[in-house]
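Read the structure below first, then the notes.
Each chain gets a letter, A, B and so on, in the order its sequence line appears, and its residues count up from 1. Here the structure is a predicted model, which means the values were calculated and not measured.
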Amino acid sequence: VDEDPSDPQLMRLDNMLLAEGVSGPEKGGGAAAVAAATAAVGVGADNAIEHSDYRAKLSQIRQIYHTELEKYEQACNEFTTHVMNLLREQSRTRPISPKEIERMVNIIHRKFSSIQMQLKQSTCEAVMILRSRFLDARRKRRNFSKQATEILNEYFYSHLSNPYPSEEAKEELAKKCAITVSQVSNWFGNKRIRYKKNIGKFQEEANLYAAKTAVTATQAVAAAVQNSQTNSPATPSSGTHTMNETTGASCHKGYISTTMMF
DNA sequence: CGAGATGATTCCTG
DNA sequence: CAGGAATCATCTCG
């Protein structure tokens with residue numbers, strides 16, 4: 001019967017924490033803000049822009065977290081002093097041992113730290129979601145620029161017999177297309193597999209680029225080609241260096257042999 | 001909106 | 001580990 005005064009006190013504390021501290025406007029607001037920061041992954045233009053966007057959102061989450069943490073800290077302290085005052089008041093009507101006070105304080109702190117853990121966890125979750133949204137490149141896939149595709153296709157179709165660019169070639173292409181080397185690798189991987197899966201579908205494209213390289217080759221060796229064009233077909237006897245020009249010149253006349261690979 | 005195109009990822013093999 | 005194959009997730013276009 002004597003212990004009852006303390007238990008209602010505890011109950012009230014629990015209720016207050018549960019009602020106001022945790023599920024009150026504070027956490028709700030925080031969670032909503034975090035969710036907003038996470039969800040607002042709109043259309044990013046550039047890689048750099050997206051990255052800074054990502055960092056901004058990250059720091060936003062971090063700031064929300066710290067704000068909330070501070071709030072809880074403050075609320076915890078306030079509540080502790082409040083309870084202490086109540087206990088002190090009660091100590092006039094009944095003896096209150098230091099042990100009991102300590103127990104109360106411990107309970108309060110435990111409660112608050114569990115809330116903080118919850119906050120921490122939800123913050124971590126938000127960060128993970130943010131990370132996965134930004135890091136999973138499939139989610140933000142952008143087609144390469146027309147120009148880049150042009151360059152890649154040009155290389156592909158002018159090396160149809162061996163469409164495997166060396167590491168240096170890949171770097172070169174990457175530089176020209178303003179993409180990464182692994183993107184170049186991806187592109188060639190995709191292109192090879194898709195080309196050979198349906199060569200017919202790519203015939204038009206192949207001719208187009210063959211003609212295109214022929215034009216550039218013609219420009220490069222204008223005089224020579226002009227003279228030999230009417231005469232004999234270019235002799236494909238030379239090595240890889242002049243292959244560009246020879247294939248280009250011969251392709252100019254008709255179909256490029258797409259069956260030579262695979 | 002839906003089908004095809006396309007860049008990226010995953011899994012597997014030599 | 002580079003490349004092939006299958007698959008995913010998004011983009012583009014009618």
task: To the nearest 0.5 Å, tell me how far A:Leu160 CG sits from A:Arg192 CZ.
output: 12.0 Å
statement: So salt bridge (Lys or Arg N to Asp or Glu O under 4.0 Å) across residues 171-181 of chain A, not counting sequence neighbours, yields none
task: Specify the separation, in whole Å, of atom CD of A:Gln183 and atom P of B:dT6.
output: 16 Å
message: Please report the interatomic distance OH(A:Tyr155) to NZ(A:Lys191), rounded to the nearest 0.5 Å.
response: 15.0 Å
- prompt: Is the shortest side-chain N/O distance from A:Arg194 to OP1 or OP2 of B:dA5 below 4.0 Å?
  reply: no
query: Would you say a side-chain N or O of A:Tyr195 is under 4.0 Å from OP1 or OP2 of C:dA5?
result: no
message: How many whole angstroms separate atom CG of A:Asn190 from atom C1' of C:dG4?
response: 11 Å
Protein-nucleotide distance (A:Glu168, atom CD; C:dA2, atom P), rounded to Å: 13 Å
- request: Please lay out, stage by stage, how A:Asn85 and A:Arg88 fare under the test side chain to side chain donor-acceptor pair (under 3.5 Å).
  value: CA-CA 5 Å; A:Asn85 286 340; A:Arg88 209 165 333 184; 3.2 Å; yes
task: Name the closest nucleotide to the A:Lys196 side chain, picking from C:dG4, B:dA5, B:dG7.
output: C:dG4
- line: A:Asn186 CG to C:dG4 P, in whole Å, measures 13 Å
statement: Walking DNA chain C from its 5' end, the first of A:Lys197 and A:Asn143 to be reached, judged by nearest nucleotide, is A:Lys197
message: Once you apply a heavy-atom cut-off of 4.0 Å, does A:Phe188 come out as touching a base, just sugar-phosphate, or nothing?
response: nothing
- request: Nearest whole angstrom, please: distance from the P of C:dC1 to the NZ of A:Lys170.
  value: 13 Å
message: I need the CH2-C1' distance between A:Trp187 and C:dG4, as an integer number of Å.
response: 16 Å
query: Between atom CD1 in A:Ile193 and atom P in C:dA6, what is the gap in whole Å?
result: 7 Å
